[in-house]
Number of protein chains: 2
Amino acid sequence: MKLSTKGRYGLRALIDLAQYSEETPVSITSISARQELSERYLEQLMSMLKKAGLVKSVRGAGGGYVLAKDMAEISIGDVLRALEGSLEPVECAGLEPDGGCKASDNCVTKYVWQRINESISQTVDEIMLDQLVEESRKKSCVGMDRALCKN
Amino acid sequence: MKLSTKGRYGLRALIDLAQYSEETPVSITSISARQELSERYLEQLMSMLKKAGLVKSVRGAGGGYVLAKDMAEISIGDVLRALEGSLEPVECAGLEPDGGCKASDNCVTKYVWQRINESISQTVDEIMLDQLVEESRKKSCVGMDRALCKN
DNA sequence: GGTAAATCCTAGTAAAATACTAGGAGATTA
DNA sequence: TAATCTCCTAGTATTTTACTAGGATTTACC
């Protein structure tokens, strides 16, 4: 039940992007410098965020990435699902009426997985990116000590 | 953010155990036969549940496992934490005052990890084993089709 | 006392997932 | 034309997962 580096790094990167992309696109190079992340790896994370429609890219010199919609309209759930795939703790727990496991009517544990799934979803979907960006500005923590924190 | 087979199989096994251990201890052999799980693997899961104080063992012929406390006093959180370790999505998110990451005061994402952690904990700690056992009896699903469901 | 049925304990190991690195093609600007 | 970007695919070392294997120990029952 751990989030991978994709989710952890990717969310940090997106908060950074949101802070710096108001006027011009932000390049992977600059994000990775500030956040001390591998450029090549970050490239892949940004590509996932783009596929999910959360950021837009501007190619060529002076290019980079920009948010594809307003910060207040991007939930942390959107971000984490884009990076981690489904956040369901067990595959069968899909909420779709006919989703997942065929044996589900006889499955007692499914109830548990579903409850966990719902609580995670509710939590991550009600936190929006702008809240974190604002918080980040308050703390003026543009860069944090990566030697102490890997998240 | 997936639960491993430890958590999935282990919870199933414990529900099975709870149902069958009211009079005599239940052996790993019998649980694994009903639930179609490897005996050797299940052995390790039971050992974890024992270390966590959720079950007691009775050695020797005719032995097996019994719940160490009342079903109504074992939460699913206890079970999953015994099997999966901490359910925190990110290590630093510990709720302990001085727990985890040293950079936490400057960490914006920690807020997110903590919120997720709290919601998961709350959910799994309020579901008790007896609820699932009762549900299981209602559905009379002693054995479900393992060809269809791996959870 | 012997045998069968159990738990207990440690190690090993194949497969899958993770966390990257590497190389190079294509787009855009100055 | 050179520099700076994104884009895309593939490779790969490390770690984790999901087991399997072997054997010691304990206990009930004949």
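Proteins get letters first, then strands, A, B, ... in listed order; numbering begins at 1 in each.
A:K50 pairs by the side-chain contact (heavy atoms from CB on, under 4.5 Å) definition with A:V55, A:S57, not counting sequence neighbours. For the salt bridge (charged side-chain N to carboxylate O under 4.0 Å, His left out) test, residues two or more places apart in sequence or in another chain that qualify with B:K2 are A:E91. Taking A:E126 as the reference, B:R115 meet the salt bridge (charged side-chain N to carboxylate O under 4.0 Å, His left out) condition, with sequence neighbours excluded. Partners of B:Q44 by side-chain contact (heavy atoms from CB on, under 4.5 Å), not counting sequence neighbours, listed by chain and number: B:Y41. Remark: B:A82 engages B:L49, B:A52, B:L54 in a side-chain contact (heavy atoms from CB on, under 4.5 Å) (not counting sequence neighbours). Looking at residues two or more places apart in sequence or on another chain, you find no side-chain contact (heavy atoms from CB on, under 4.5 Å) involving B:E23. B:E43 is linked by a salt bridge (charged side-chain N to carboxylate O under 4.0 Å, His left out) to B:R40, counting only residues two or more places apart in sequence or in another chain.
Looking at which nucleotide of DNA chain C each of A:G62 and A:K6 is closest to, the 5′-most match is held by A:K6. Position along DNA chain D of the nearest nucleotide to A:K51 versus A:A61 favours A:A61 as the more 5'-ward residue.
Distances shorter than 4.0 Å separate none of the side-chain N or O atoms of B:S57 from OP1 or OP2 on C:dT7.
Applying the salt bridge (charged side-chain N to carboxylate O under 4.0 Å, His left out) test to pairs two or more places apart or on separate chains, those with a residue in residues 58-82 of chain A are A:R81-A:D125.
From the 5' end on, the contacts that DNA chain D makes with chain B at under 4.0 Å to a non-hydrogen atom open and close at D:dA18 to D:dA28.
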At a cut-off of 3.5 Å, list every protein nitrogen or oxygen paired with a nitrogen or oxygen from nucleotides 13-16 of chain C, distance to 0.1 Å.
none

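Here the side chain of B:E84 pairs a donor or acceptor atom with the backbone of B:S4 at under 3.5 angstrom. Of the possible polar contacts, one joining the B:R8 side chain to the B:L3 backbone as a donor-acceptor pair under 3.5 Å is found.
B:L129 has its side chain within reach of B:L67: a pair of non-hydrogen atoms, C-beta onward, lies under 4.5 Å apart. Two residues are said to be in side-chain contact when any heavy atoms from C-beta on lie closer than 4.5 Å; A:L80 and B:M1 fail this criterion. B:S119 has its side chain out of reach of A:Q122: every pair of non-hydrogen atoms, C-beta onward, lies at least 4.5 Å apart.
Using a 4.0 Å cutoff on non-hydrogen atoms, the parts of residues 38-50 of chain B near DNA chain C are B:E43, B:Q44, B:K50, ordered by number.
Each end of the helix from C:dG1-D:dC30 to C:dA30-D:dT1 gets its own axis, taken as the rotation carrying the C1' atoms of four end pairs onto the next four within a five-pair window, and the two axes meet at 10° to the nearest 10 degrees.
With rounding to whole Å, B:R59 atom CZ is found 12 Å from C:dA5 atom C1'. To the nearest angstrom, P of C:dA17 lies 14 Å from CD of A:E84. Atom CD in A:E91 sits about 11 Å away from atom P in C:dA17, given to the nearest Å.
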